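Encoded as structure tokens, the structure appears first; notes follow it.
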There are 2 protein chains.
Amino acid sequence: MTGARRGGRPPLISRDDVVAAAIAIIDAEGLDALTMRGIGARLGVAAMSLYRHLPNRDAVLAAVVNRLVTEVVVDVPADARWPDALRALALGYREMLLRHPHAVPLLATQPVDVDTGMALAAPALDRSRAAGIGADDAVTAVQSVIVFVLGHALAQVGTPPGADDAPPAAPAGYYDRWFTAGLDAMIHGFTRTGDGP
Amino acid sequence: MTGARRGGRPPLISRDDVVAAAIAIIDAEGLDALTMRGIGARLGVAAMSLYRHLPNRDAVLAAVVNRLVTEVVVDVPADARWPDALRALALGYREMLLRHPHAVPLLATQPVDVDTGMALAAPALDRSRAAGIGADDAVTAVQSVIVFVLGHALAQVGTPPGADDAPPAAPAGYYDRWFTAGLDAMIHGFTRTGDGP
DNA sequence: ACCTGAACACCGTTCAAGT
DNA sequence: ACCTGAACACCGTTCAAGT
């Protein structure tokens, strides 16, 4: 009943193909290299064919963002408590960002679908209930952690391996240590059991 | 001795003019509307004249970022302690970001000159010494706070007043409350006097 | 229904030329 | 030294046409 397509030419490409090709180009050549003509070329199709599957370039970018967020793996052990669940969310999100460094500015800019965001946060939010945290407070903590992870990743990949005047190139573990310190501080601040001013 | 320009046609525009015009366009029409032709038009000059003062469009963007960061006002009272100095830095930086919402993605993407970043952080770092915090730890705290402020601002201005499908439009104080909670957590986490896990 | 080539209105940037 | 118009090699997107 739904979407019963009768007759007509069978499609050469799908919406998913377009999104996958876009991600491949971003990863390989960077965000600036992502053109409608380039996506078409990668799929062996004219650029104009893409408009049959997505309304415009912005829609491609939005779809890329949601696809990448969906691919985040949040590994929350069964016996994890609220602080550890927050940490697992942060680590999983950061892993995805560093796997797609050229896409980080996109993730920072394009809003994520509500459903996709909920699915990402769900494992952590589950543990907040067990810890007796109010729903609003839990959401605030999750969003704050995500925002820190994103901001930190932007700083880390901010001068991508394309710029000529890359600063002395921070030592290997520099960003990891900074990330851990910042995340620890935030999680500690959010999960302390209400003490003084 | 230095830069003694003798003879030649006097300049109609300066590098500063280009940067100021760029910021005006970004604030008024958004980042996408910032074109070399547009900047030229605003200054009553052909687009190609700009290349006499800045090497290319990316250089304009970099200059805009550094100009905006320079304009941040960090109000650290004379008797402020380390945690309050961190807070003042966060508030001042956020104020600038929300004054230039269309420029936030730029601030998130373009690296800031080392000198400009140092000047921004200096007042807070001063107070860290008085508090007996190690220099490295102080820098980590400052950078983490900045990264949180930036990430939060991205979330707040992420769906700018151009998008049609703006979500229910979060209630007025929503982002302010989230910001305060996240900042409090981070500052508390960074300034606690080293207790157990 | 899906794909295509040609065309339009833009970009950033280069170049040779003007004053 | 500084500014300019014309031109080049790109963009995203629309349109009328093909199968």
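Letters go in sequence order (proteins before strands), and every chain restarts at 1. What you are looking at is a predicted structure, and each value in this text was computed from that prediction instead of being measured.
Residue B:Ser49 has no polar side-chain atom (N or O) positioned under 4.0 Å from OP1 or OP2 of D:dC2. Dashed line: the shortest gap from a side-chain N or O of A:His53 to OP1 or OP2 of C:dC2 is not under 4.0 Å.
Set against C:dT13, D:dG12, D:dC2, the side chain of B:Arg52 has D:dC2 as its closest nucleotide. Listed candidates were C:dT4, C:dT13, D:dC2. Nearest to the side chain of B:Arg9 is D:dC2. Comparing atom distances between the A:Arg37 side chain and each of C:dG18, C:dT4, D:dT13 picks out D:dT13 as nearest. Here the nucleotide nearest the side chain of B:Met48, chosen from D:dT13, D:dA6, C:dC3, is D:dA6.
Nucleic acid contact for B:Thr35: sugar-phosphate only, since backbone atoms but no base atoms lie under 4.0 Å from a heavy atom of the residue. Residue B:Met36 is in sugar-phosphate contact alone, with no base atom involved, counting any heavy-atom pair closer than 4.0 Å across all strands shown. The residue B:Leu34 sits close only to the backbone: its heavy atoms come under 4.0 Å of sugar-phosphate atoms, none of a base. Across all strands shown, A:Arg57 has heavy atoms under 4.0 Å from sugar-phosphate atoms exclusively, and none from any base.
Regarding B:Leu61, its CG atom lies at a distance of 15 Å from the P atom of C:dC11, rounded to whole Å. Going from atom OH of B:Tyr51 over to atom P of D:dG5 covers 15 Å, rounded to whole Å. Following rounding to the nearest Å, B:Asn56 (CG) and C:dC11 (C1') show an atom-to-atom distance of 14 Å. Atom CG of B:Leu31 and atom P of C:dG12 are 12 Å apart (whole Å). Distance, B:Asp17 CG to D:dC2 C1': 14 Å, rounded to whole Å. Here C:dC3 presents its P atom at 10 Å from CG of A:Leu43, a figure rounded to the nearest Å. If you measure from atom CG of A:Asp58 to atom P of D:dG12, you get 11 Å, rounded to the nearest angstrom. In this structure, B:Leu54 places its CG atom 12 Å from P of D:dC3, rounding to the nearest Å.
No path of Ile, Leu, Val, Met, Phe, Trp and Tyr side chains, each step under 4.5 Å between heavy atoms, connects B:Ile39 with B:Met48, placing them in separate hydrophobic clusters.
Between A:Val19 and A:Val60, the closest side-chain pair of non-hydrogen atoms is not below 4.5 Å.
Between atom CZ of residue B:Arg15 and atom CZ of residue B:Arg52 there is a gap of 16.0 Å, rounded to the nearest 0.5 Å.
Residues A:Gly44 and B:Pro55 each lie close to DNA chain C; by heavy-atom proximity, the contact nearer the 5' end of the strand is made by A:Gly44.
The environment of A:Asp136 atom CG is sparse: at most 12 non-hydrogen atoms of other residues, nucleotides or ligands sit within 6.0 angstrom.
In this structure D:dC10 sits in no base pair that meets the Watson-Crick or G-U test at under 3.5 Å. With a cut-off of 3.5 Å on both Watson-Crick or G-U wobble distances, the partner of D:dG5 is given as C:dC15.
In this structure a side-chain-to-backbone donor-acceptor pair under 3.5 Å is missing from B:Thr109 to B:Leu106.
Using a 4.0 Å cut-off between charged nitrogen and carboxylate oxygen, B:Arg67 and B:Asp16 count as a salt-bridge pair.
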